[in-house]
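Here is the structure we will look at.
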Amino acid sequence: MDKMKKLLVIFFLFVCVAVSQQEKVTPLLQTKISNATDSEPILVWVFFQDKGNATEQYFAQPSLAVSEKSLQRRTKVLPANALIDITDVPLNNDYVNAVTQSGFKMKQRTKWFNGISGSATKSQIEIIASLSFVKQIDIVYLLRKPKEISESSKEIIIPKEKQNYSLDYGASFTQVNQINVPPVHDLGIHGEGVTICLMDAGFNNLPHESFASMNIIAKYDFVNHDTGVGDSTDMGEGSHGTQTLSTIGGYKPGQLIGPAFSATYILAKTENTDSETPIEEDNWIAASEWADSIGVDVTSTSLGYITFDSPFTSYTWQSIDGNT
C-alpha cells in the first residue's frame, strides 16, 4: 500500500510538472508545435520570471545600466532617486545561457520585456519550459513580403518658391515650409543638442555630400549583427533609410535642407528588405533599448507590420490596443 501511495505521489507530481510546463507555452505556440516536425526550427519568444538577485547594484549605480546622457535626459521628467527601473536592468546572463544550452539559437534580447527571441525545435522548447525561471514561451509570427508596386520613372519636379529666409532650401522648401521650419531656423534652432535615432532598412549612401556635416555617433545593424548599416554582402537594402535620414537631417544648400541638420544621430538597421518577418519587430525593440541606453531624445521609424501570411491572423484595428 505504501508503495502504491508513493507511485501515486510521483505520478501526481509528474502531471503537475507537465501541466505547469504546458501553461508556459501560449495556445498559438502550442498549435504551431502540433503542426511542426521534430526537427523544424520554430521562432519563439522566451520570457523570464525576473532578473535574478543581483539587481541592486544597478539601482545603486544607474550608470551601469544606461549612459550618463540617458540619465541626464531622464532628470527632466523623473525624480533624481528614480532615474531607472527594473526594465533598465540587463537580462540575467545565467538565464540566457541556460536557455541557449538547450540548443536555442538566439536572435535578439530585450531587457524591457525581460526575454530573448530565436529559434528552437519542439524538444528544445519542452526543455526550456521546464526551467523554473522561464515565465512564458510565445510564437514569433511569420509574414510574407507584399509584391513591389512599380513606380513611375518620371521625375517629379517641385518648383522652387520665392523665399525670404537665411537658408536656401531649394526644392525642399515646400516640405519644410509645410511645418513652419524656415522661421525656426532663422531663430538659430537647427536641432542642436538633440540626439535622434533612426530605425529603418539601413542607410546605403552615407558618403553623399548632404550627410558630410552630419554628426553620427553610433551605428548598428540589428538584422545582421554588425556595425555596417549600408548595403553589403549581407541581408537588406538601405535606400529607404537614406531617404528618411536625408529628409530629417540632410544639408546641401540650394537643394536639400532638413529640419534638424545640426542634431546628433544614431542609426539602427532593423528592417530586412529581403523579406517581411516579425523578427524585425524584435530588431526594433533591441534597437530602441540600445538607443535609449545611449541617451536618445527622439526616435524616428518609418516602418510597419500589419498583414500576416496564412495561416496566421493579420493584425486588425482591434489589435491596436496597446497589449497585442
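In this chain, numbering begins with 1 at the start of the sequence shown.
Residue Lys252 holds its NZ atom at 10.5 Å from CG of Asp168, rounded to the nearest 0.5 Å. Taking CG of Asp200 as the start and OG of Ser302 as the end, the distance is 6.0 Å to the nearest 0.5 Å.
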Criterion side chain to side chain donor-acceptor pair (under 3.5 Å) on Tyr95 and Asp50, from CA distance to verdict = CA-CA 10 Å; Tyr95 295 174; Asp50 52 47; 2.6 Å; yes

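Between the side chains of Arg109 and Asn93, at least one donor-acceptor pair of N or O atoms lies under 3.5 Å. No side-chain N or O of Ser119 forms a donor-acceptor pair with one of Lys107 less than 3.5 Å apart. Using modelled atom types and a 3.5 Å distance limit, the side chains of Asn97 and Asp94 yield no donor-acceptor pair. Side-chain N/O atoms of Asn204 and Ser239 include no donor and acceptor closer than 3.5 Å. Counting only N and O atoms by type, the side chains of Thr270 and Asn283 include no donor and acceptor under 3.5 Å apart.
Between Tyr220 and Phe222, the angle of the ring planes goes over 60°, which puts this pair in the perpendicular group of the 30/60° scheme.
No salt bridge links Lys111 with Glu289; every basic N to acidic carboxylate O contact stays at or beyond 4.0 Å. Using a 4.0 Å cut-off between charged side-chain N and carboxylate O, Asp138 and Lys24 make no salt bridge. Salt-bridge annotation for Lys32 and Glu40: present, with a side-chain N of the basic residue lying under 4.0 Å from a carboxylate O of the acidic one. With respect to the salt-bridge test (charged N to carboxylate O, under 4.0 angstrom), the residues Asp231 and Lys269 do not qualify.
Between His190 and Tyr251, the ring center distance fails the sub-6.0 Å criterion.
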